[in-house]
Amino acid sequence: MKAIVYASVGNRDVLELVDRPVPEPGPGEVRVRVAFSGVNATDWKCRRFGHVDGRLMYPEVIPHHDGSGVIDAVGPGVAPERVGQRVWLWEAAWRRPQGTAAEYVVLPSRQAVELPPGASLELGASIGLPALAAHRCLTSAQQATARLGPGALAGRTVLVAGGAGVVGHAVVQLAVWSGATVIATVGTPEKEKPVRAAGAAHVVHRTSGSAAADIRAVAPAGVDLITEVAPSANLDLDVEVLAPGGTVAVYGTEGDGEVRLPLRLLMGRNLRYQFVLTLTLSPEEKEAAVADVAAAVGDGALGVGDDAGLPLHRYPLSRTGDAHDAVESGVTGKVLIDLG
């Protein structure tokens, strides 16, 4: 099979297109013929900075956690009926050397989730880490439900910082599906259209000078939850618009990765900062998130493409380096490797 590998940390030139043996599924595993491999920020960061203390966990790594395809073989203990299923994949490369940047990938059966007939393989490869991160953010508010679904967030107001981003897009769609009032911020006017296409009822221009007033016009008592990709840059705005007892769920970093919090103010209003990294959630949290996201897919609540507010950018396997660069540069939309 064709695969992208790297054996040392570094820039895109460490990526190599190679031939490798097609893997065989072991007990409890399935093998998937990959159609699309989804690229996330964590993929280029692991390539550049390593997995642990600047080092790789394995002599050779096939990157990418997310993807979609068709199960073509199963290992002992897996129902033979799974062969032929169209599936979306999550955490394929978490504590494993072989991710989805290859024509075939083997992973535990539970990490290959069946796609309903109406869901495209492009959507399947776009779910994974972004949707699971969005789920954790939306369930991290104080007195919040641990599960999402129709009505689960009824009566709550969610502010989505960076609503045009891949995780922001998933937050908007899952929050709307769960009944929340959704306000999204954007940094540039051209990002308003895709955020509205994703389902946000209200869009605020973060750099307008009236962002706080615009948010308060929608939520006079403040917002219950903010999902945040830039906690340092947005600190003042977040604190100004949070309702007492509100939560900021932080899933991204910027600048030097540090934020200075006004502790007395936060304590006085009983505010919470919840930091989110999907990969290190508990197994129970991951299983709940996967189940809820799968239900949202089944309900048609998640979508990709221009009409759904998440443009798709496709690259062949041989241009995986370009795909990594696109994600690192902050391209609007979802970057996919098309394995045909």
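This one's a predicted model, so the numbers in the text were calculated from it and none came from an experiment. FYI, the numbering just counts along the sequence from 1.
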Non-hydrogen side-chain atoms of Leu279 and Leu129 separated by less than 4.5 Å: yes
Exercise: identify the closest heavy-atom pair between Ala180 and Val158: CB-CG2, 3.9 Å
Side-chain touch Val74/Ser109, heavy atoms, less than 4.5 angstrom: no
Hphob cluster co-occupancy, Leu336 + Leu115, side-chain heavy atoms under 4.5 angstrom: yes
Thr139 OG1 to Glu285 CD distance, which is reported to the nearest 0.5 Å: 7.5 Å
From CG (Leu132) to NZ (Lys286), nearest 0.5 Å: 9.0 Å
Residues in side chain to side chain donor-acceptor pair (under 3.5 Å) contact with Lys191, at least two apart in sequence or another chain: none
Pro130 and Asp66, any side-chain heavy atoms less than 4.5 Å apart: yes
Verify same cluster id: Trp88, Val70 (apolar side-chain graph, 4.5 Å): no
Let me have the donor-acceptor pairs involving side chains of residues 301-315, under 3.5 Å, with sequence neighbours excluded, atom names and distances please.
{"unit_1": "His313", "atom_1": "NE2", "unit_2": "Thr332", "atom_2": "O", "d": "2.7"}
{"unit_1": "Arg314", "atom_1": "NH2", "unit_2": "Glu122", "atom_2": "OE2", "d": "3.3"}

Note, Val229 side chain near Tyr251 side chain (heavy atom, < 4.5 Å): yes
Step-by-step side-chain contact (heavy atoms from CB on, under 4.5 Å) determination, Arg110 to Val78: CA-CA 10 Å; Arg110 69 186 183 87; Val78 179; over 6 Å; no
Nearest-0.5 Å distance, CD of residue Glu254 to CG of residue Asn234: 7.5 Å
Nearest heavy atoms of Val30 and Ala112, plus distance in Å: CG2-CB, 3.9 Å
All side chain to side chain donor-acceptor pair (under 3.5 Å) counterparts of Arg196, not counting sequence neighbours: Glu192
Side-chain heavy atoms of Thr188 within contact of Val186, under 4.5 Å: no
side-chain hydrogen bond (donor to acceptor under 3.5 Å, both in side chains) partner of His324, the single match among Arg12, His64, Arg319: His64
Rounded distance (nearest 0.5 Å) linking atom CG of Leu15 with atom CD1 of Ile62: 12.0 Å
same_hphob_cluster(Val106, Val32) at 4.5 Å side-chain heavy-atom cutoff: no
The single option from Leu237, Leu266, Ile226, Leu159 passing side-chain contact (heavy atoms from CB on, under 4.5 Å) against Leu242: Ile226
Verify same cluster id: Ile127, Trp94 (apolar side-chain graph, 4.5 Å): no
Atom pair CD (Gln98) and CD (Glu60), whose distance is rounded to the nearest 0.5 Å: 8.0 Å
Criterion side-chain contact (heavy atoms from CB on, under 4.5 Å) on Ser120 and Phe36, from CA distance to verdict: CA-CA 11 Å; Ser120 69; Phe36 294 95; over 6 Å; no
Gap between atom CD1 of Ile4 and atom CD of Glu16 - 0.5 Å precision: 9.0 Å
Considering all heavy atoms, the nearest Ala146-Asp292 contact: O-OD2, 4.5 Å
Shortest non-hydrogen contact between Ala221 and Ala243, atoms and distance: O-CB, 3.3 Å
Check: Trp90 and Thr278 side chains under 4.5 Å, non-hydrogen atoms: no
Side-chain heavy-atom pair Glu240, Ile215 within 4.5 angstrom cut-off: no
Any Ser68 side-chain heavy atom under 4.5 Å of Arg86 side chain: no
Atom of Leu225, atom of Ser140 and distance for their closest heavy-atom approach: CD1-OG, 4.2 Å
Joint cluster assignment, Leu281 & Val293, ILVMFWY side-chain distance < 4.5 Å: no
side-chain contact (heavy atoms from CB on, under 4.5 Å) between Tyr58 and Arg95, worked out: CA-CA 9 Å; Tyr58 307 98; Arg95 295 178 175 169; 4.2 Å; yes
Where Asp214 and Ser208 come nearest, the two heavy atoms and their spacing: OD2-OG, 3.9 Å
side-chain contact (heavy atoms from CB on, under 4.5 Å) evaluation trace for Val9 with Arg48: CA-CA 5 Å; Val9 298; Arg48 177 172 294 176; over 6 Å; no
